[in-house]
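See below for the structure under consideration.
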Protein chains: 2
Amino acid sequence: MALGKDYVGQDCSLSRALELLGERWTLLVVQNALYGVRRFSDFQVRLDIPKAVLSDRLAHLIEGGVMRKSQYQTAPPRYEYLLTDAGIELWPVIFAIGVWSRRNLGGEPPRLFRHAECGTDLVPSGDCPKCGPIEPAEVEMYPGPGPKRMDPVSRAMNRPRRLLEPVIPEQ
Amino acid sequence: MALGKDYVGQDCSLSRALELLGERWTLLVVQNALYGVRRFSDFQVRLDIPKAVLSDRLAHLIEGGVMRKSQYQTAPPRYEYLLTDAGIELWPVIFAIGVWSRRNLGGEPPRLFRHAECGTDLVPSGDCPKCGPIEPAEVEMYPGPGPKRMDPVSRAMNRPRRLLEPVIPEQ
DNA sequence: CTACCCCGGTTCAATGAACGAACCGACACT
DNA sequence: AGTGTCGGTTCGTTCATTGAACCGGGGTAG
């Protein structure tokens, strides 16, 4: 999507954002990164995405300044994929789409979000109703009533935890 | 994207929303509907989108309850495409992506948004800083410094006007 | 009456993207 | 020496997008 045959000629910010974020899987990758997924193989397990596509999407996100690649061991060289500040700023977008989806498409949420400090669930704007606007790192996710995946990565994510806190699948 | 090879197995609201909204062009169609575009040919002129794709996307949006088709003349039968309430509720999502894009990808905005009643520009959350949360119908768009398309539909959109107010290209 | 235009589409061949299976290289462990 | 893990790449098949051509109902100008 990002080469040549884009949303050329569009004059709005939305089209520029969609060239980067509008490809299939991309927003789900960012969402999982917010949820703490960092490793190539963990994204792959959680998303059931072809490796070639994941590789392509991560490359585009890095190119676009949304994620960055960081080496976490040298022998053999291994990398993890982290959100940049620009990427973390996508939290309101992802939360807003989730809110819209639950209101308008229905379905039980597998995860809920509350302000870690005071335990109050976030309102649709993404703010804490008691404390006002909060950072993604102040948000705690905890299991909701909806169905959950049972792969090791998802299971590690089903414990209450803050956004951006690294997911460590057991074994 | 919406048939068979979807984001099956994903457990989150985001993936359900993306099955409907994540296809190429779809969010741009919704955005233009919020900006007042209603007719098939006007979407087509504004977006430079293949007719077959536009037809497909409108059908999916109707199926998903985001838009509805309304007859505006009988001989010959002509239809316009309107947002449902669910569709109008996508305004915060679209505004949030636009805000993110301007902050993180740069570029001059061709359009700015203010509260129609008091004339104050909206804050990133989409609220009016003086009056608090407001409805999309209370938002007025007006030309910003960025480049603008010059097709008849876009030209009609470059005058200050409220969201959802129908665009009527001259001629 | 005829020709042409507008609107809202559909059809079709060519191109490009996504999928999934197979493979690979570096290293660790047994 | 063989097996396993991580982070990929390669490749043939399938699916989606594109742009051009076509179409039909009706209005309008000559």
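Order of the sequence lines sets the chain letters (A, B, ...), proteins ahead of strands, with each chain counted from 1.
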Check your understanding: Are A/Leu21 and A/Ile88 in one and the same hydrophobic cluster, where Ile, Leu, Val, Met, Phe, Trp and Tyr link if side-chain heavy atoms are under 4.5 Å apart?
Key ->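 As far as the 4.5 Å side-chain criterion goes, A/Ile88 and A/Leu21 are connected within one cluster.
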Between [atom2] of [N] and [atom1] of [X], the distance in whole Å:
X: A/Asp48; N: C/dA18; atom1: CG; atom2: C1'; result: 15 Å
X: A/Gln73; N: C/dC27; atom1: CD; atom2: C1'; result: 9 Å
X: B/Lys51; N: C/dC12; atom1: NZ; atom2: P; result: 17 Å
X: A/Glu19; N: C/dA17; atom1: CD; atom2: P; result: 13 Å
X: A/Phe40; N: D/dT5; atom1: CZ; atom2: C1'; result: 14 Å
X: B/Tyr79; N: C/dC6; atom1: OH; atom2: P; result: 21 Å
X: B/Leu54; N: D/dA16; atom1: CG; atom2: C1'; result: 16 Å
X: A/Asp56; N: C/dA17; atom1: CG; atom2: C1'; result: 9 Å

Exercise for review: Taking only the side-chain heavy atoms of A/Arg57 (C-beta and beyond), determine which of C/dC27, C/dA18, C/dA22 contains the nearest atom.
Suggested key: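 Per side-chain heavy atoms of A/Arg57, the pick is C/dA18.
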Practice item. Measure from the side chain of B/Ser55, starting at C-beta and using heavy atoms only, and say which of C/dC27, C/dT10, C/dG8 lies closest. Key: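 That would be C/dT10.
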**Study point:** Backbone N/O of A/Arg162 and side chain of A/Glu165: donor-acceptor pair under 3.5 Å
**Key:**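 At least one qualifying donor-acceptor pair exists.
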OP1 or OP2 of [N] sitting under 4.0 Å from any side-chain N/O of [X]?
X: B/Lys69; N: C/dG9; value: yes
X: B/Trp25; N: D/dT18; value: yes
X: B/Arg78; N: C/dC6; value: no
X: A/Arg24; N: C/dC19; value: yes
X: B/Tyr81; N: C/dC7; value: no

Practice item. Check every strand shown and say whether B/Val53 touches a base, only sugar-phosphate, or nothing at a heavy-atom separation below 4.0 Å. Key: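 Here B/Val53 touches the bases of the nucleic acid.
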**Study point:** Touch class at under 4.0 angstrom, heavy-atom based, for B/Tyr72 against every strand present
**Key:**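 Touches sugar-phosphate only.
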Point to revise | A/Pro76 or B/Ala52, whichever maps to the more 5' nucleotide of DNA chain C | key: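 So the residue in question is B/Ala52.
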Review point. In Å, rounded to the nearest 0.5 Å, how long is the span from CD1 of A/Ile97 to CG of B/Leu27?
Key: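 The CG atom of B/Leu27 is 7.0 Å from CD1 of A/Ile97, to the nearest 0.5 Å.
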Check your understanding: How far does CD of A/Glu80 sit from OH of A/Tyr72, to the nearest 0.5 angstrom?
Key ->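 Atom-to-atom, A/Glu80:CD and A/Tyr72:OH are 7.0 Å apart.
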Point to revise | Non-hydrogen side-chain atoms of A/Val29 and A/Tyr81 separated by less than 4.5 Å | key: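 The answer is no, as the side chains (C-beta and beyond) never meet within the 4.5 Å cut-off.
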